[in-house]
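Okay, so here's the structure we're looking at.
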Amino acid sequence: MADHILDFDVNGENRRLLVTDQRTLLEVLREDLVLTGTKHGCDVGECGACTVLVDDRPVLSCLVIARQVEGSSVRTVEGLAIDGAPDLLQEAFAELGAAQCGYCTPGMLLSARALLDDNPEPTTDEIREGLAGNLCRCTGYIKIFEAVELAASRDHDR
Amino acid sequence: MSGAFSVVGERLPRVDAMDQTMGKTQYVDDMTLPGMLVGRHLTSIHAHARILSIDTSRAEALVGVHAVITGADLPITYGILPISQDEHALAVGRVRYVGEPVAAVAAINPEIAEQALALIDVSYEPLDEVVTLEQALETDHPMLHGDGLGQNVHRSAALEFGDVEEGFARADYVREDVFFFGGNTHAALETHVALASYSQTGKLTLWSSTQVPHYVHRTLEKVLELPAGRIRVIATAIGGGFGGKTDPFSHELTAAKLSMVTGRPVKINLSREEVFYAHRGRHPVLMWVKTGFENNGQITSMHFKTFLDGGAYSSYGVASLYYTGALQTTTYRIPNYRFEGLRVFTNKPPCGPKRGHGTPQPRFGLECHLDKAAADLGLDPVTIRQVNAVEPFSTTVNHLRITSCALVECIDKVVEASDFTVKRGRLPSGRGVGLAVGAYMSGAGLPIYFNDMPQSEVQIKIDRGGGVTVYSMATDIGQGSTTMLATVVAEALGLEPRDINMVIADTDLTPVDLGSYSSRVTFMAGNAAVTAGAKIRSRVVQAVADELGVDPAQVVTKGGRVGVSGDLDRCVTWAEAVRLAIAATGPLVESGGYTAPKLAGTFRGAGVGISPAYSYSACVVEVDCAADTGLVKVERVWLAHDIGRALNPLLTEGQVEGGVYMGLGEALYEEHTFRGGLHRGPSLLDYKIPTALDMPPVETFLVESDDPEGPLGAKEVGQGPLLPVIPAVANAIHDALGVRIDEVPITPQKIVAALRNVSRGRPGRIGPETIPDFEFSRLTRVEPPEGFVTP
Ligand code: FES
Ligand code: FES
């Protein structure tokens, strides 16, 4: 196992660290950088809990070898707020009860963020599609859909 | 009535909602301690085998490995129920399912831990595997618990209330049906994680994603032989439970032991695959029901038999068994009732409690059976349920006390909202609607181990600056119990839920609550919090009344102020009021406890099913089925739930929606099945839980029956709403296609097979035909309770 220097941006901050060939982005985020907001429910790409944004595109961080994000910019749930102000999605999820146990929430928020960045006024079906890779075992997704709709409409209004 | 409340009944977010969405909530796996080691389990590759030897020397010699332990290091048995202490943290002498933990290592990182597992040499002698119910009832296989050959019956039960034969004799119509409910599992998104730290002072601390810190505490005390006072169990934030984190688990004990051996903190994070093996999920249940009816649909008698495939260990099994027979009577007035059931051991992961614990399976059978009977009697599904519906404030033939009950109202709500009566039988082919109902306990009436202490205690401490801190051991598994407690205390003190500091689920800091299971927390911890809050309130009110020179009855607590009702100027702030009270009467610390009323009859099994109150649900499901592929699309679900009082309608609705979701998964997709002793797909890819694409719209109706004993009138919602969903789906599919799938999950293959049967002139039914020919012995005859009125 060779070590490599990984140089990338996380939530707007430059990070440089030594990683092995096999280290995943999930491990780098949670263990090396102690950004434990990102969760994991399977470690093999089946649950969506580990979703983060790499250059604004949602990825399953458990499936990404850390070296692949060299030079990229990564956004995790800790970086969703801008200047300390929560993302509209974070507020809407909280307000509408879209988080029960909260374990799927960080991944869900990042998938939703990517969806809204791409399509600011999604239909419910588009929201379903956009979140289809993120499993939630608690909510039945309904309040999650509502929260994404609320955030989208607030974004539209401002 | 809800006008009388200020925060109760409001659609407020969880008190920790912003922490959750900002990624700040700490689950066990988010914790790291200095010097922490990684623990891993070596698990059995055999479904049934004798362990001839275990050689750990090569693993111990690996650089970076700090300890290797086996069953010999943890020889004391345990189990959640005092009557069935049959588990070892690590197998001793024998393994009974694939995936059973055999040895554990602690190493400096996961890679070395994995390497160490590969260096442990276990020599097994495979034994004859018992994997099906039928095999378990044969006499020529080894007994899983015990020596020699014989039947693997864990426990059987046979109870009769009233006179079942007499009831059948006076029936106009008698019907028998056989059903099967396949096993399934919780699949909480967070896997099970435990972190243990043993200090040089001889104190053990365990952080765990457990629903039951109190029972884990007791288990650690027993197995590790440490005094309870030297063990601290903390349930951190929990990423979902659904009953799957309600047993004490191997990894909690091995993490603790490894920390004691190494003197360093040890964390064990079960892999997703290991969680499928740890299981404790829904029992597969084969069942048979025979019911007598009068021509108007009234039930005269019922005989229910259940056969539970329990897996390798007892877990909650004795309770699960009785639950398959206990709650049929809580929805329908059944004048004569016989229940016979048995649970067998098989070489598969142990089954246990999953949302609805032992009651969704018979509920599925019963509700489908009723629809079939109604059709034969020329009645519609609504009428047959209305005719038999249990009355509020009545007693069932099997000695369950019913208090508030809005079953009929729930039925009316969903029937009306869904246009059920108009749609049923009249939708285009492939579309259909189905109705079903259910009831669930607001907490098990008895604690798991016999004692007369309160089942829940809550303390409140007020700071001199007015800060309110509530202490409770209730675990928030996502259902919102922490917010519920903050809400009832805020209500009493005239504050907002977010003003309340919550200290929860820590055996050193918080007084006992038995845990989040049996839908007990709102009712029990909620009542304890109401009591404690009222005590604080009355002391504060008295002090302010004295200060203002008014009668305490005139003083109200509202909006952060304490003052004279109707005279807004005569008031003090909450913080001032608190200081007045402390000056007048000393430290402002109070507690409340809740003990359920003594409701259990004296017969064996009477402790299961009793509850201080029952919630009621009714559900209509509309489906669209493709006859060629058998694919079922659920179009919409209407669910009415008698919650007593919705302390927080937003969170309550969330529980209903989550229950509907889980019910749909069980009805249509989820299957915990085995090939021999091998799990067919221990992953989230193979075990199909519904995604965002599968979830239909749900219309929820909260019905408030104001329970006389519930906290501010509230009852449970975490489990009950799941119950009617599954049979409502089955009944809707029948309405859509005319076929009966008497077996859960209702997969496309079964639907296609049933339709093929029809096209070949055979009955359009898929499901079991017969039940094992098992002679239930020792039928206990129990007289109906005093004052039981035969309908
Ligand atoms: S942890 Fe489940 S998809 Fe990455
Ligand atoms: S809120 Fe628990 S998994 Fe989504």
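Labels below follow one simple rule: chain letters A, B, ... track the order of the sequence lines, proteins then strands, and each chain is numbered from 1.
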Report task. Under the salt bridge (Lys or Arg N to Asp or Glu O under 4.0 Å) rule, what do A:Arg30 and B:Asp30 come out as? Steps first, then yes or no, please. Result -> CA-CA 8 Å; A:Arg30 284 185 52 86; B:Asp30 300 338; 2.8 Å; yes
Requested in this report: Select one option (side chain, backbone, both, neither) describing which atoms of B:Val698 are under 4.5 Å from chain A's heavy atoms.
Outcome: both
Query raised in the report: Which of the residues A:Cys101, A:Gly130, A:Cys104 is involved in the greatest number of heavy-atom pairs with chain B at under 4.5 angstrom?
Result: A:Cys101
Query raised in the report: Which bit of B:Thr191 comes within less than 4.5 Å of chain A, counting heavy atoms only: side chain, backbone, both or neither?
Result: side chain
Requested in this report: Quickly, which of B:Asp476, B:Thr246, B:Thr475 forms a side chain to side chain donor-acceptor pair (under 3.5 Å) with B:Gln211? Name it, please.
Outcome: B:Thr246
Requested in this report: Please look at B:Ser683 and chain A and tell me whether the side chain, the backbone, both or neither of the residue comes under 4.5 angstrom of a heavy atom of that chain.
Outcome: both
Query raised in the report: Under a 4.5 Å heavy-atom cut-off, does chain A meet the side chain of B:Met662, its backbone, both or neither?
Result: side chain
Query raised in the report: Side-chain donor-acceptor pair under 3.5 Å between B:His192 and B:Ser209, yes or no?
Result: no
**Report entry** Contact class of A:Ile127 relative to chain B, heavy atoms under 4.5 angstrom
**Finding:** neither
Query raised in the report: Do you know which of A:Ile144, A:Ile142, A:Thr105 has the most heavy-atom pairs with chain B at a distance under 4.5 angstrom?
Result: A:Ile142
Query raised in the report: Between B:Leu651, B:Asn648, B:Asp29, which has the largest tally of heavy atom pairs under 4.5 Å with chain A?
Result: B:Asp29
Report task. Pick one of side chain, backbone, both or neither for B:Pro696, based on which atoms fall under 4.5 Å of a heavy atom in chain A. Result -> backbone
Query raised in the report: Can you tell me if B:Glu716 and B:Ser519 form a side-chain donor-acceptor pair at under 3.5 Å?
Result: yes
Query - Side chain, backbone, both or neither of A:Ala132 within contact of chain B (heavy atoms, under 4.5 Å) - result: both
Query raised in the report: What part of A:Lys39 lies closer than 4.5 angstrom to a heavy atom of chain B: side chain, backbone, both or neither?
Result: side chain
Query raised in the report: Taking NZ, NE, NH1 and NH2 as the nitrogens, is one of them in B:Glu635 or B:Lys633 under 4.0 Å from a carboxylate oxygen of the other?
Result: yes
Query raised in the report: Under a 4.5 Å heavy-atom cut-off, does chain A meet the side chain of B:Ile238, its backbone, both or neither?
Result: backbone
Query raised in the report: Would you call B:Asp694 and A:Arg128 a salt bridge, using N to O less than 4.0 angstrom?
Result: no
Requested in this report: With a 4.5 Å cut-off on heavy-atom pairs, point out which of A:Leu131, A:Asp43, A:Leu135 contacts chain B the most.
Outcome: A:Leu135
Report task. Quick one: which of A:Pro106, A:Gly140, A:Gly37 has the most heavy-atom pairs under 4.5 Å with chain B, could you say? Result -> A:Gly140
Report task. Give the member of B:Gln26, B:His186, B:Met31 that has the highest number of heavy-atom pairs under 4.5 Å with chain A. Result -> B:His186
Report summary line: Bottom line for B:Leu693: the part with an atom under 4.5 Å from chain A's heavy atoms is both
Query raised in the report: Do you know which of B:Met22, B:Glu273, B:Gln479, B:Arg272 has the most heavy-atom pairs with chain A at a distance under 4.5 angstrom?
Result: B:Met22
Query raised in the report: Do A:Asp55 and A:Ser72 meet the criterion of a side-chain donor-acceptor pair at a distance under 3.5 Å?
Result: yes
Query raised in the report: Are A:Glu31 and B:Lys267 ion-paired here, with the side-chain N under 4.0 Å from a carboxylate O?
Result: no
Report task. Sort A:Thr139 into side chain, backbone, both or neither according to what part of it lies under 4.5 angstrom from a heavy atom of chain B. Result -> backbone
Query - Side-chain heavy atoms of B:Glu496 within contact of B:Val7, under 4.5 Å - result: yes
Requested in this report: Report yes if some heavy atom in the side chain of B:Glu653 is under 4.5 Å from a heavy atom in the side chain of B:Val656; otherwise report no.
Outcome: no
**Report entry** B:Ala187 portion near chain A, given a 4.5 angstrom heavy-atom threshold
**Finding:** both
Query raised in the report: Hey, which of B:Gly478, B:Ala692, B:Ala17 has the most heavy atom pairs under 4.5 Å with chain A?
Result: B:Ala692
Query raised in the report: Going by distance alone, is a donor N or O of one side chain under 3.5 Å from an acceptor N or O of the other, for A:Asn134 and A:Ser111?
Result: yes
Query raised in the report: Between B:Tyr661 and A:Cys136, is there a donor-acceptor pair closer than 3.5 Å when you use the side chain of the first and the backbone of the second?
Result: yes
Query raised in the report: Tell me, side chain or backbone of B:Gln655 under 4.5 Å from chain A's heavy atoms, or both, or neither?
Result: both
Query raised in the report: Can you say whether B:Asn269 sits under 4.5 Å from chain A via the side chain, the backbone, both, or neither, judging by heavy atoms?
Result: side chain
**Report entry** Short N-O contact, A:Asp7 and A:Arg15, less than 4.0 angstrom
**Finding:** no
